[in-house]
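Letters A, B, ... are given to chains in the order of the sequence lines, protein chains preceding strands, and every chain is numbered from 1. Only heavy atoms go into these numbers, but all of them, side chains included; no hydrogens, no water, no symmetry mates.
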Number of protein chains: 2
Amino acid sequence: MAKSVKKRSRAAVIPYHHGDLRRALIDAALALAAEGGPSAVSVREAARRAGVSPGAPFRHFDSREALMTAVAEEAQQRFRAEIDAALAGTAAEGPLRQLKLLGMAYLRWAMRNPAHFEIISTGRWFDHDAAVAVSRDNADAIALSEQLLAQAAASGQLRPVDLKATQIAGRALVYGLARMNIDRHFPRWGVQPEQVERIAEQALDVFISGIAK
Amino acid sequence: MAKSVKKRSRAAVIPYHHGDLRRALIDAALALAAEGGPSAVSVREAARRAGVSPGAPFRHFDSREALMTAVAEEAQQRFRAEIDAALAGTAAEGPLRQLKLLGMAYLRWAMRNPAHFEIISTGRWFDHDAAVAVSRDNADAIALSEQLLAQAAASGQLRPVDLKATQIAGRALVYGLARMNIDRHFPRWGVQPEQVERIAEQALDVFISGIAK
DNA sequence: ACCTGAACACCGTTCAAGT
DNA sequence: ACCTGAACACCGTTCAAGT
C-alpha cells in the first residue's frame, strides 16, 4: 500500500487530499439543512461527513457564513431553474396567467424545499452582498413581476390598482405562504401537510381574481 | 460590611439572592433579541447582564428553550394588548373595516418590534406546546378573522370567494409583509425604512378591495 | 497546495459546594 | 431555597506541523 493513503471501513481508500472538499462540504451542508433546518448546519459536522478534520473546511471557506453563502448560491440555482422551466414558452398565455404560473412555481419549490428556501430568503444565514447570483436572480424576479403587472395593466386586464402596492402585495402573499409552511403555521389553520400546496394555489387565485377586471 | 453582600461599581450592594432573577433574565433576553435578533439571545449573556453566574439561570429555566418560551409569552402579551386596543369599540364600523384595523395593528407592532415578532412567529425559537398564552392568542386571532370574514359574507359585502382560501390569503399577506421586513427584503423592492408601514397598509388595501363587492 | 491535530474562546448544561 | 464556580461536551476558528 502506498504511503499516502489510509485504510477505512470496507477498505475504502482515502487519500490525504480529498479531491473536491469544497463540493463535499456544500453537499453535506445542504443535507444538514434539509434534515434539521439552516441552524443545523455546522462546519464541524460538515467536515465530519466529508471525512476531514475540523480545520480543513477553512482552507475552502473563510467562515461558516462563507459556507452558507455557497449553499445559498447552490439552492438559488435550483430554485431559479424550476421557475425558468415553469415559464418557458408561456408568453402567449398572457401576463395574468404568467403571474399565476410564476407564483405556483415559486410556491411549489418553497413548499418542497423549505430549509433551502429559508436559507436563500432569510438573509441572516449568509452574506447577501457576496452571493452575486442570489442578488441577480432576486432582481430579475422583481423586474419580471413588474413587467407582467405592467403588461396586464396596459392591456386593460386590471381593476384600477396601485401597481407598486399590488406588486408588493403579491410578493408578500407568496412569501407569506412559503413562510407559514416553514414556520409550521398551517396545522393551526386546520390545513394538513398534503393540502398545503392546494390551499396555497387557491389563495393565489383569490388574490389574482381580486386584482383582475 | 455584612458578610452576605459584595461590593460593585458605584458601591451598589448585590445580595447573594438576586430578588427576581427570573424577571431580570427575561428582560435581558428581550433586550438581546431587540439588539441582535433571536439568535443573539444566550443564557450566559443574559446571566452576565443580570449579574449572576452562568449556572444561575438554570434554577429558573430548564434550558435556553424554556427561557425563550418565557420571552415569547411576554412578547405575545404585548402584541395582543396592541391588537385588542386597536379593535376596542370598533364593532359598529363593520367587518371589513375591522379586518383592516386588525391587519394594520398587526403590521404596526410587527414592523416596530421585528425581533420579538420573529420569536413568537417562528416556532423554532421556543416550545410552542409549553407557551399556552401564545397558542391561545393565536387561536383567538384565527377565530376572529374567520368571524369577521363570515360576517362580511353574510351581509353581502364580499365578491364570491372561497372563505377559507381568502382567510389564508389574508393572513399570508400580513405575515409575508412582516417577514419581508424582518428578512430585509424591502430595500430590494425600492422601499425605504420610513415607507414600509405606508406601503404595507396600501398592500392591505389592495387585498381588501379585491375581495370586497 | 492541502490536510491534521492541538489549541483557544466561546456556548449550554450539570453539580457539588457555599450562603 | 438560591447562587457560585468548576467542569464537560459541544462549536467556530487559528496555526504550526505534517504529506
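By the 30° and 60° cut-offs, the orientation of the rings of A:F79 relative to A:F117 is perpendicular.
B:W189 pairs by the ring-ring contact (aromatic ring centres under 6.0 Å, His included) definition with nothing, not counting sequence neighbours. The salt bridge (Lys or Arg N to Asp or Glu O under 4.0 Å) check on A:E35 picks up A:R49, with sequence neighbours excluded. Residues passing the ring-ring contact (aromatic ring centres under 6.0 Å, His included) test with B:H116: none are found, sequence neighbours excluded. Among residues two or more places apart in sequence or in another chain, the salt bridge (Lys or Arg N to Asp or Glu O under 4.0 Å) test is passed with B:R64 by none. Residues that satisfy the salt bridge (Lys or Arg N to Asp or Glu O under 4.0 Å) test with B:R78, not counting sequence neighbours, are B:E74. Legend: residues meeting salt bridge (Lys or Arg N to Asp or Glu O under 4.0 Å) with A:D27, ordered by chain and number and at least two apart, are A:R23.
Checking C:dT13, C:dC3, C:dT4 against the side-chain heavy atoms of A:S53 singles out C:dT4 as nearest.
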For residues 51-61 of chain B, run the donor-acceptor check on the side chains, cut-off 3.5 Å, and write out each pair with its distance to 0.1 Å, sequence neighbours left out.
none

Kindly list each side-chain donor-acceptor pair under 3.5 angstrom involving residues 98-108 of chain A, sequence neighbours excluded, with atom names and distances?
residue : atom : partner : partner atom : Å
A:Q98   : NE2  : A:T90   : OG1          : 3.1
A:K100  : NZ   : A:E201  : OE2          : 3.3
A:K100  : NZ   : A:D205  : OD1          : 2.8
A:K100  : NZ   : A:D205  : OD2          : 3.3
A:Y106  : OH   : A:R171  : NH1          : 3.4

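For CZ of A:R136, the number of neighbouring non-hydrogen atoms (other residues, nucleotides, ligands) closer than 6.0 Å is greater than 12.
Between B:H128 and B:N138, some side-chain heavy-atom pair lies under the 4.5 Å cut-off.
Applying a 4.0 Å cut-off to non-hydrogen atoms, the residues of residues 31-43 of chain B that approach DNA chain C are B:S42, B:V43, listed by residue number. Within residues 56-64 of chain B, the residues that have a heavy atom under 4.0 Å from DNA chain C are, in order of number, B:F58, B:S63, B:R64.
The line from CD1 of B:I119 to CZ of B:F126 is 9.0 Å long, rounded to the nearest 0.5 Å.
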Give me, pair by pair, the N or O atoms of the protein and of nucleotides 8-10 of chain D that are less than 3.5 Å apart, along with how far apart they are.
none

*How does DNA chain C look in dot-bracket form if you count Watson-Crick and G-U pairs under 3.5 Å, write [ ] for pairs that cross, and put | where a base pairs with another strand?*
||.|||||...|||||.||
